[in-house]
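Working notes, structure below.
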Amino acid sequence: EPEVTQTPSHQVTQMGQEVILRCVPISNHLYFYWYRQILGQKVEFLVSFYNNEISEKSEIFDDQFSVERPDGSNFTLKIRSTKLEDSAMYFCASSLRRPEENEKLFFGSGTQLSVL
Amino acid sequence: AQSVTQLGSHVSVSEGALVLLRCNYSSSVPPYLFWYVQYPNQGLQLLLKYTSAATLVKGINGFEAEFKKSETSFHLTKPSAHMSDAAEYFCAVSASGNTPLVFGKGTRLSVIA
């Protein structure tokens, strides 16, 4: 079965540094998402992306966050100046059709971000 | 707004015993409900989903879930647990519109030999 690939699996950074989390969605998918899970808490929606623009974002996704699909295959999440509270597991997901069609989301295995 | 509550952060069962993982939802519109599983060091995988068709939904690996509107529940069951079922299970809800999934906190299932 095709899968969503995320790299790196674990990223350690210093507070205030910029990080870029990388995802390669399934090749024919059109909708892309980032979720995160802080240890012991719920999986939280961050942002959805379609047709090279953000279609929806949560309150968590403030000006420190940005997403990009630079080359038609990678889908990146950038955190401009990391904070301790950004430490979490970040999941990328993709789907073929629109959310309202309740298309199955395919999730990557996650990147564990540790901010020191 | 939608939300889900998963009762029990950790459930432990014996191999061969019934698995019951509880999920209650809150939704202002008819919900779409999902169960995802996360095995160690892997991503989230869809087990099954309810989208207003049959109330009893069968998923992969012998799991099923029943939508009960009167109880606002979508509990996940499996008649006989297998060691390979040990994982984290997440219930999720979305409205029947363009809204993202809202996840529960997850329940860790341990299976004892």
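To find a chain, count down the sequence lines: A is the first, B the second, and so on, and within it residues start at 1.
Side-chain contact, Y33(A) with S95(A): a donor N or O sits under 3.5 Å from an acceptor N or O.
No close placement of the F34(B) and F103(B) rings is indicated, their centers lying 6.0 Å or farther apart.
Residue Q38(B) touches chain A through its side chain alone, counting heavy-atom pairs closer than 4.5 Å. Within the 4.5 angstrom heavy-atom criterion, only side-chain atoms of Q37(A), from C-beta onward, approach chain B. Contacts of V4(B) with chain A are made by backbone atoms alone, with heavy-atom separations under 4.5 Å and no side-chain atom involved.
Among F61(A), F91(A), F45(A), the single residue meeting the ring-ring contact (aromatic ring centres under 6.0 Å, His included) criterion with Y35(A) is F45(A). Among W35(B), Y36(B), F63(B), the one residue that satisfies the ring-ring contact (aromatic ring centres under 6.0 Å, His included) test with Y89(B) is F63(B).
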